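These notes concern the structure reproduced below.
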Amino acid sequence: MSETSEGEERPGPTLLDLGRERRAGGLMTVLVFVFGLAAGVLMAFSGYAVLEESASLLLTVFLTVIFFITFLGALLYILKGPITRRVFGVAGTQLELFARPLDEVASGAIQRDLDRVSAASRMLIQIAMARYAWASTRKWIIGALTGLIAAMAALAGTALLFKQNELIEHETRLLEEQNAKIELQNELLIQDVQLAEAERNAQIAVEITAIAQLLGGAMTRADEREKSMASASGQPVKGGVGSFRPVVNPWLDLGKPLIMRITSASRAAKPYRFLDAPLRAHDDDDKLRVAMETRRADLPASYERMKETWGWTDPPEVSRLIDRAASPERAQLLQVLISSGIENYEFLNHFGLDLSFAHAEDTDLTGLTLQGAQLSYASFDRARVLDTDFAGAQLENARFRKARLERVAFRGLPYRQLRAPFQADDPAVFMTAVNGADFSGSLLREVDLGAVHGSATRFDGATLVATDFAGSDLSGATFRGAVIVSAGFEGSGLRSVDFDGAHVFAEDFLDRLAEAAAPETFRRDRFRQVEAEMADAMATVSAFSMLGEAQARELGGERVWRIERVGAIED
């Protein structure tokens, strides 16, 4: 029987004490788990930066806890005897100590001595609990040290992994920057090549200047001829402003040598890509954008509305080349010819005048005949084209974006109706080719596009007034967002034509279109009409800036419908 220092008997641990010890161990496990979970969440959402900033603190905490547990274990080992004696009433926990109480229990049972058996049993339980307590404490200390050391190793590995990922991410950014610089370098090399081509073509400007001088002589001859004819007929000699620009007859006033020189110069000027001008002096929309740029920070909402309405795009930070090859020299040559008073270009075209790829933006083409002209890939963006004849011209992929075209003829003509030298006794039609031409955002008023090859032409956002497409092939053309005040499609081929978003002024527009189109080329079931407001149609820039609501109502009517595509467009 164990006794206290006062000689009193100390009871052994009860089942309640064992339950409390187990709950304490379970609580410690839960706390460690919660700590690990919180640390993992923090690491997952905060990343390596938090770990890097708190590295010294975490290391201090871990080392402090390890030192404390090591010190506690050593202290418990040194004071093992007194502690177990104080708590359990026994100092030793060796397995040999179990022999005596077991012997006492057996002897007491044989002798039927209940007190002896009870005392021996109590002693046996005390020794067992003391051994269990020491074994559990030792196991906890070793486990805690092992766990802390493992946690330090895990955190170190995690830190290294985050650091590695950070370095990889940094390296990836450097590679992206390197690729961007390589791409920019490649673009600059391309620019060098194109600018070298521009320098070579600049020499053509000298030839164009010489041609301009010779054209001045042709203007003098034309002026003298007109004065002579007026004098011979008794008519007054023309004076005033009109006398400064006589009409030059290419065949009479130029002569074959100058005609051949002009056509040769046009062929010598090759297309190339050059730097896209960040500012355009003749583009009213762009000038408004530049003006509003100074107030962009103060009026952000207004600027964004205007940007969406006018289709503004921010200029690139680095100067870029234009999107496709063009020839400013050919446009310059055309402008010189127009300024010299040449209105009829058939003889020049017949002898090979090449104006394809001409970069003739913001140009005025008024009262010209360009039958049979070579104008493929030419750019007439924002041009004013009035009373001009393009019959039989090659205009594939030409651009007339945001242009104003009034009383312009693109129609194909029978050879019998053409001007000399294209005129011939042949009933066949000399077709005009406008395949892929772009009329986006333009005004087409009294424009004749009959009997043309017009596959994949674009009229997106354009405004059409009295425009005729009779007998033309418009397969794949688009009229998305266009304002069609009045247009004729009699006998035109309309396979896969897209009218989605277009505004029309006739309630039965689609029904009429289905009847007028070439048989089996227009699918009426792909579209529907819904009534809209005039303001919706006037939201189209070409409509309100080049036509106006008053004229739209006068020419089209008061009611407007919007066409919506409800089926696949491809045949």
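Remember, predicted model here, so these are calculated numbers, not experimental data. By convention here, the first residue in the shown sequence is residue 1.
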With no hydrogens and no angle check, do the side chains of [X] and [Y] hold a donor and an acceptor under 3.5 Å apart?
X: S356; Y: Q374; answer: no
X: D473; Y: S475; answer: yes
X: S440; Y: D460; answer: no
X: Q394; Y: S376; answer: no

Charged N to carboxylate O below 4.0 Å: is that the case for [X] and [Y]?
X: E549; Y: R553; value: yes
X: K402; Y: D381; value: no
X: E564; Y: R528; value: yes
X: R296; Y: E293; value: yes
X: E177; Y: R173; value: no
X: D425; Y: R416; value: yes
X: D498; Y: R480; value: yes

Aromatic ring pairing [X]/[Y], orientation class (parallel under 30°, perpendicular over 60°, tilted between):
X: F422; Y: H350; value: perpendicular
X: F274; Y: H359; value: perpendicular
X: F499; Y: F479; value: parallel
X: F439; Y: F410; value: perpendicular

Quiz item: Are more than 12 heavy atoms from other residues, nucleotides or ligands located less than 6.0 Å from atom OH of Y377?
Solution: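 Not more than 12 within 6.0 Å, no.
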Quiz item: Around E308, counting heavy atoms of other residues, nucleotides and ligands shown, do more than 12 lie under 6.0 Å from its CD?
Solution: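 Check fails, neighbour count at 12 or below.
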Between atom [atom1] of [X] and atom [atom2] of [Y], what is the distance when rounded to the nearest 0.5 Å?
X: S455; Y: N435; atom1: OG; atom2: CG; answer: 4.5 Å
X: N349; Y: L355; atom1: CG; atom2: CG; answer: 7.0 Å
X: R280; Y: D362; atom1: CZ; atom2: CG; answer: 8.5 Å
X: L464; Y: I484; atom1: CG; atom2: CD1; answer: 6.0 Å
X: D500; Y: T478; atom1: CG; atom2: OG1; answer: 10.5 Å
X: R382; Y: R404; atom1: CZ; atom2: CZ; answer: 14.5 Å

Quiz item: Would you say the side chain of E507 lies within less than 4.5 Å of the side chain of R512, judging by non-hydrogen atoms?
Solution: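 The answer is no; the side chains never approach within 4.5 Å.
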Practice problem: Kindly state whether the ring of F527 and the ring of F509 have centres lying under 6.0 angstrom apart. | Solution: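 No, too far apart.
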Checking the side chain of [X] only, and the main-chain atoms of [Y] only, is there a donor and an acceptor separated by less than 3.5 Å?
X: E346; Y: Q371; value: yes
X: T220; Y: G216; value: yes
X: R495; Y: R523; value: no
X: T209; Y: E207; value: no
X: R445; Y: E406; value: no
X: S340; Y: L215; value: no
X: T388; Y: V385; value: no

Practice problem: Give the C-alpha distance, both sets of side-chain angles, the deciding distance and a yes or no for side-chain hydrogen bond (donor to acceptor under 3.5 Å, both in side chains) between Q417 and R411. | Solution: CA-CA 12 Å; Q417 298 180 22; R411 70 197 183 287; 5.8 Å; no
Exercise. Identify the residue among L334, I259, T263 that makes a side-chain contact (heavy atoms from CB on, under 4.5 Å) with L353.
Key: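 The single option meeting the side-chain contact (heavy atoms from CB on, under 4.5 Å) with L353 is T263.
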Quiz prompt | Matching residue for R330 among I208, I204, D354 - test: side-chain contact (heavy atoms from CB on, under 4.5 Å) | solution =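 Looking at I208, I204, D354, the match for R330 under the side-chain contact (heavy atoms from CB on, under 4.5 Å) is D354.
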Quiz item: After noting the C-alpha distance and the side-chain angles of R399 and D323, does the key distance pass the salt bridge (Lys or Arg N to Asp or Glu O under 4.0 Å) rule?
Solution: CA-CA 13 Å; R399 289 174 173 174; D323 61 337; 2.8 Å; yes
